[in-house]
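Reading through the structure tokens given below for one structure.
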There are 2 protein chains.
Amino acid sequence: MDASEIYKALADIQRVRLLNLIEASPLCVCHLQTLLDAPQVKISKQLAYLKTLGLVEAERRGNWMIYRMAQPVPDLLTSNLQHLRDSKESSGRQLQVDTRARTQLLKQLAAPKSTCPKVLFNALCS
Amino acid sequence: MDASEIYKALADIQRVRLLNLIEASPLCVCHLQTLLDAPQVKISKQLAYLKTLGLVEAERRGNWMIYRMAQPVPDLLTSNLQHLRDSKESSGRQLQVDTRARTQLLKQLAAPKSTCPKVLFNALCS
DNA sequence: GCAGTATATTCCGTTAATTGAATATACTGT
DNA sequence: ACAGTATATTCAATTAACGGAATATACTGC
């Protein structure tokens, strides 16, 4: 894994947001779509890009694709995501918002009235 | 200064090498050219690119252009260069080689028989 | 098999980056 | 003024990245 590839991945705020969310724990495309408020094709393509870089991997569960970090996560990636989350720049604030929204979303999915299929929910918790 | 811009700068090994060399202390284009063993136009353009990103600045001294880091150097840049220098990947080894070559070069320039013009030498030491 | 849902891919136009060759600019020393 | 050196810029060709619309694929439940 070349350092340049990691920097290419980080050179776009949307990809950073995707990586930040996925790093916390696996997520499916529809939720990433919701959290980033971006069209399906865009999310799908950026995930494909991250996959060609070898940074994430996908696994199908029924209709859903679950994306997770490819192991091992390079140090360079981990430390940069950490740095960005801690920063007071606009990107840092964005990541913090995303992280909160993600927690909120997962809480909703876990609620009794949730319409989230169990196949999907279990996959997210694995 | 946007984080994405810094990552764009780092997404190319030659630019990383330039930044790594310049970070240690100012250097002129001809020496960067020598150290990276790359054609003049390429170096000049990559320096121009780094300048548009606001990461470096240039100052003319006679025939020579002295490039230095723009102040303040963003944390994100400093820590990444450090990380890369410390890494055992090929890019890390490259930076270590560059740094040694740079020291060697400056030593030669300081030697009594050096043909390096004093204007230039003094600029490099400022 | 069929309708519906989630996701990926293809097609196409647009912009950004990368390169080398040639040329221009800015300066020096004589 | 002129020749030489260092550096930057322009031009033109190539490739990479980006975005949206439309379409294809993979799966589900019935």
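Only this structure's heavy atoms are used, side chains among them; waters, hydrogens and symmetry mates stay out. In what follows, chains carry the letters A, B, and so on, assigned in the order in which the sequence lines appear, proteins first and then strands, with residues in each chain numbered from 1.
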Taking the side chain of [X] as its heavy atoms from C-beta onward, which of [options] lies nearest to it?
{"X": "A:K42", "options": "D:dA8, C:dT7, D:dG19", "value": "D:dG19"}
{"X": "A:D12", "options": "D:dC18, D:dA21, C:dT7", "value": "D:dC18"}
{"X": "B:R60", "options": "C:dC27, C:dT19, D:dA17", "value": "C:dC27"}
{"X": "B:S44", "options": "D:dT9, C:dT7, C:dT9", "value": "D:dT9"}
{"X": "A:V41", "options": "C:dT5, D:dG20, C:dT7", "value": "D:dG20"}
{"X": "A:Q33", "options": "C:dT7, D:dT7, D:dA21", "value": "C:dT7"}
{"X": "A:N63", "options": "D:dA8, D:dT7, C:dG4", "value": "C:dG4"}
{"X": "A:W64", "options": "C:dT7, D:dA8, C:dC27", "value": "C:dT7"}

Taking 4.0 Å as the cut-off, does a side-chain nitrogen or oxygen of A:Y67 come that near to OP1 or OP2 on C:dA6? no
* side-chain N/O A:R15 vs D:dC18 OP1/OP2, d < 4.0 Å -> yes
### Query
For residues B:D12 and B:Y49, is any side-chain donor paired with an opposing acceptor at under 3.5 Å?
no
Self-check item: Residues A:R68, A:E23: salt bridge by 4.0 Å N-O rule
Solution: no
Within the side chain of B:R15, is there an N or O that forms a donor-acceptor pair under 3.5 Å with the backbone of B:A9? yes
Sorted by chain and number, sequence neighbours left out, side chain to side chain donor-acceptor pair (under 3.5 Å) with A:N63 holds for none
